[in-house]
**Student:** 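Structure below; questions to follow.
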Protein chains: 2
Amino acid sequence: MVWKAATFNVNGIRARLPLLLEWLQEQRPHVACLQEIKCQDKDFPHDAFVEAGYHVVWKGQKSFNGVAVLTTDPPQEVVRETDREVLDGEARFLAVKTCGVWVINTYVPQGRSPQDPAFGYKLAFLKETAQWIDARFAPDVPLLWTGDINVAPDPQDVYDPQRLDGEVGFHPEERRLFKEILGWGLVDLFRHLHPDEKQFTFWDYRLPRSVQRNLGWRLDHMLVTEPLAQAARDCRVDMTPRQKPKPSDHTPLVAVFHLDALSVSSPG
Amino acid sequence: MVWKAATFNVNGIRARLPLLLEWLQEQRPHVACLQEIKCQDKDFPHDAFVEAGYHVVWKGQKSFNGVAVLTTDPPQEVVRETDREVLDGEARFLAVKTCGVWVINTYVPQGRSPQDPAFGYKLAFLKETAQWIDARFAPDVPLLWTGDINVAPDPQDVYDPQRLDGEVGFHPEERRLFKEILGWGLVDLFRHLHPDEKQFTFWDYRLPRSVQRNLGWRLDHMLVTEPLAQAARDCRVDMTPRQKPKPSDHTPLVAVFHLDALSVSSPG
DNA sequence: GTTTCCCGAG
DNA sequence: CTCGGGAAAC
């Protein structure tokens with residue numbers, strides 16, 4: 001099957017609901033990983049997604065963070081709790097197996113500033129997620145770690161690498177860690193398919209006309225294991241939601257895979 | 001000329017802007033008195049009304065209160081300050097002469113509760129407005145005192161006169177004062193033209209389905225001097241804005257006058 | 001319920 | 001700039 005996956009930091013699912021539903025109808029991803037839903041579980045607009053034809057798994061908290069996974073096919077497995085304090089303490093982690101693929105959706109802490117304890121938390125969150133994956137999966141299973149990773153790995157991933165060097169999101173320590181994580185057996189799919197493109201997924205609201213001036217960052221990623229990398233046919237940023245009225249500060253990243261082409265080592 | 005006047009407590013002019021502009025295009029009043037604009041002067045959406053073909057006078061304050069007068073014809077005179085502390089202390093009073101008619105727009109304090117100092121302030125505000133009018137005008141000039149007066153004068157002006165007797169807005173003291181003020185030479189135009197109609201202009205947001213159950217109050221009025229009363233051809237409540245999405249808790253009161261029929265004692 | 005302000009967070 | 005939350009007012 002042709003399988004479409006997407007990640008989208010919506011910055012408030014209630015504020016973004018009209019835009020998000022419109023985008024889902026246009027793109028019809030088989031799986032959509034959402035971050036920063038910013039609502040408690042009871043306030044999640046579940047019905048709207050069911051009406052749109054999706055199964056929904058969500059994990060919210062008051063005010064901040066919160067993640068959700070929408071799937072056209074019912075999820076085969078769901079992991080809501082990892083029993084790791086760093087991953088479970090805030091609503092930032094959700095894993096779902098759908099269409100035979102494990103999808104890990106994370107909203108990695110932004111980090112605030114390199115001196116702030118939040119930066120240590122960010123690094124720990126990245127490490128623990130990688131460890132959790134390592135403990136549970138091998139690099140030869142079809143796995144997609146996606147979401148707002150909040151790290152721009154390379155100079156071409158920020159609008160001004162000189163000025164931003166050392167800033168949170170483009171700090172040597174996180175970039176090094178990001179590469180180290182890839183070393184386990186993950187491919188940065190967008191960069192893999194587009195080695196030279198300068199394409200962003202986030203533009204700060206606070207910079208005037210940041211979209212028009214393209215003052216962006218590539219912070220949202222699809223990290224895939226080798227079998228999925230080989231099954232990939234496309235991975236691109238969809239700019240349209242960021243250009244509409246009342247946008248999120250992020251815009252979706254979308255990938256297409258030929259799951260039939262998947263060569264899995266294990267029998268199941 | 002046929003002259004249409006309206007009063008509308010918008011409960012936040014920024015939140016109500018789409019509804020208000022739509023309503024202005026449908027009704028095209030020559031003068032529209034707005035209350036509870038709830039914005040500072042710098043935040044008033046002046047341009048939107050100019051584009052809609054209106055001259056605008058407004059007086060706002062932070063957070064609460066605030067009044068505005070829209071006129072199709074340029075105002076001949078404007079009174080923004082009365083030099084009376086009670087009238088000028090909060091943004092509740094604005095007077096404009098347009099098309100030869102003096103229009104006094106007030107947002108009378110709600111009063112909170114009969115024991116609260118705010119209730120005394122309400123009574124004082126009503127008295128001072130009446131005094132200001134008396135000091136400046138005679139009952140034989142065309143004058144319209146309109147706005148959210150926050151008094152339901154008679155039992156037929158509230159949804160449950162028994163239960164509400166003594167409540168703020170339907171307290172004997174304010175009703176008595178309201179009648180006393182009319183005694184100077186003002187006519188409650190809606191009641192004058194519709195002696196037996198039970199028609200409201202306000203329905204509390206907090207009562208579930210208050211509009212459908214018609215749990216309302218008649219708090220918004222057009223008090224006119226005799227010449228205007230004789231020139232009046234119509235005075236009715238326009239329910240449509242209260243029935244649309246995102247309504248104010250009030251709905252407009254609209255009146256039509258034949259100004260040619262005006263017999264003014266003075267020459268100008 | 002609804003609006004506005006102020007706050008913390010990004 | 002924008003979101004959500006809590007307070008105050010009606």
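Letters A, B, ... are given to chains in the order of the sequence lines, protein chains preceding strands, and every chain is numbered from 1. Remember, it's a predicted structure, so these values are computed and weren't measured experimentally.
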**Student:** Report the residue (Cys39(A) or Asp204(B)) whose heavy-atom-nearest nucleotide on DNA chain D is the more 5′ of the two.
**Tutor:** Cys39(A)

**Student:** Given atom CD of Gln61(B) and atom P of dT4(C), what is their separation to the nearest angstrom?
**Tutor:** 14 Å

**Student:** Take atom CG of Asn9(B) and atom P of dA9(D), then tell me their distance rounded to the nearest Å.
**Tutor:** 17 Å

**Student:** From the set dG5(D), dT4(C), dT3(C), return the single nucleotide nearest to any side-chain atom of Lys62(A).
**Tutor:** dG5(D)

**Student:** Side chain of Tyr205(B), heavy atoms from C-beta onward: which of dC6(C), dC1(D), dT2(C) has the nearest atom to it?
**Tutor:** dT2(C)

**Student:** Among dC3(D), dA9(D), dT3(C), which nucleotide has an atom closest to any side-chain atom of Arg112(B)?
**Tutor:** dA9(D)

**Student:** Choosing from dA9(C), dT3(C), dG4(D), which nucleotide comes nearest the side chain of Ala15(A)?
**Tutor:** dG4(D)

**Student:** From C-beta outward on Arg14(B), which listed nucleotide comes closest to its side chain: dA9(D), dC5(C), dC10(D)?
**Tutor:** dC5(C)

**Student:** Given 3.5 Å as the limit, does a donor-acceptor pair link the side chain of Asn9(B) with the main chain of Asp148(B), or not?
**Tutor:** no

**Student:** Are Trp23(B) and Phe8(B), when compared by the centres of their aromatic rings, separated by less than 6.0 Å?
**Tutor:** yes

**Student:** Quickly work out the Arg16(B) CZ to dC10(D) C1' distance and round it to whole Å.
**Tutor:** 13 Å

**Student:** Could you state the CD1-P distance from Ile37(A) to dG10(C), rounded to the nearest angstrom?
**Tutor:** 16 Å

**Student:** Please determine which of Val67(A), Val69(A), Ile13(A) meets the side chain to side chain contact (heavy atoms under 4.5 Å, CB included) test together with Leu34(A).
**Tutor:** Ile13(A)

**Student:** So if I take every side-chain heavy atom of Lys246(A) and compare against dC3(D), dG4(D), dG10(C), which nucleotide ends up nearest?
**Tutor:** dC3(D)

**Student:** Over all strands shown, is Arg209(A) touching base, sugar-phosphate only, or nothing at heavy-atom distances under 4.0 angstrom?
**Tutor:** nothing

**Student:** Round to the nearest Å and state the distance from Glu36(B) atom CD to dA9(D) atom P.
**Tutor:** 13 Å

**Student:** Closest-nucleotide mapping onto DNA chain D: is Lys38(B) or Arg206(A) further toward the 5' terminus? I mean the 5' end.
**Tutor:** Arg206(A)

**Student:** Figure out the CG/P separation between Asp148(B) and dT3(C), and round it to whole Å.
**Tutor:** 17 Å

**Student:** Let's see if you can work this out: which of dT2(C), dT4(C), dG5(D) has an atom nearest to the side-chain heavy atoms of Ser63(B)?
**Tutor:** dT4(C)

**Student:** How long is the line joining CG of Leu34(B) and P of dT3(C), in whole Å?
**Tutor:** 16 Å

**Student:** Out of Thr201(B), Thr7(B), Asp220(B), which one pairs with His250(B) under the side chain to side chain donor-acceptor pair (under 3.5 Å) rule?
**Tutor:** Asp220(B)

**Student:** Please verify the inter-ring angle class for Trp58(B) with Phe44(B); under 30° counts as parallel, over 60° as perpendicular, anything in between as tilted.
**Tutor:** parallel

**Student:** Rounded to whole Å, how long is the line connecting atom OH of Tyr107(B) with atom P of dA9(D)?
**Tutor:** 12 Å

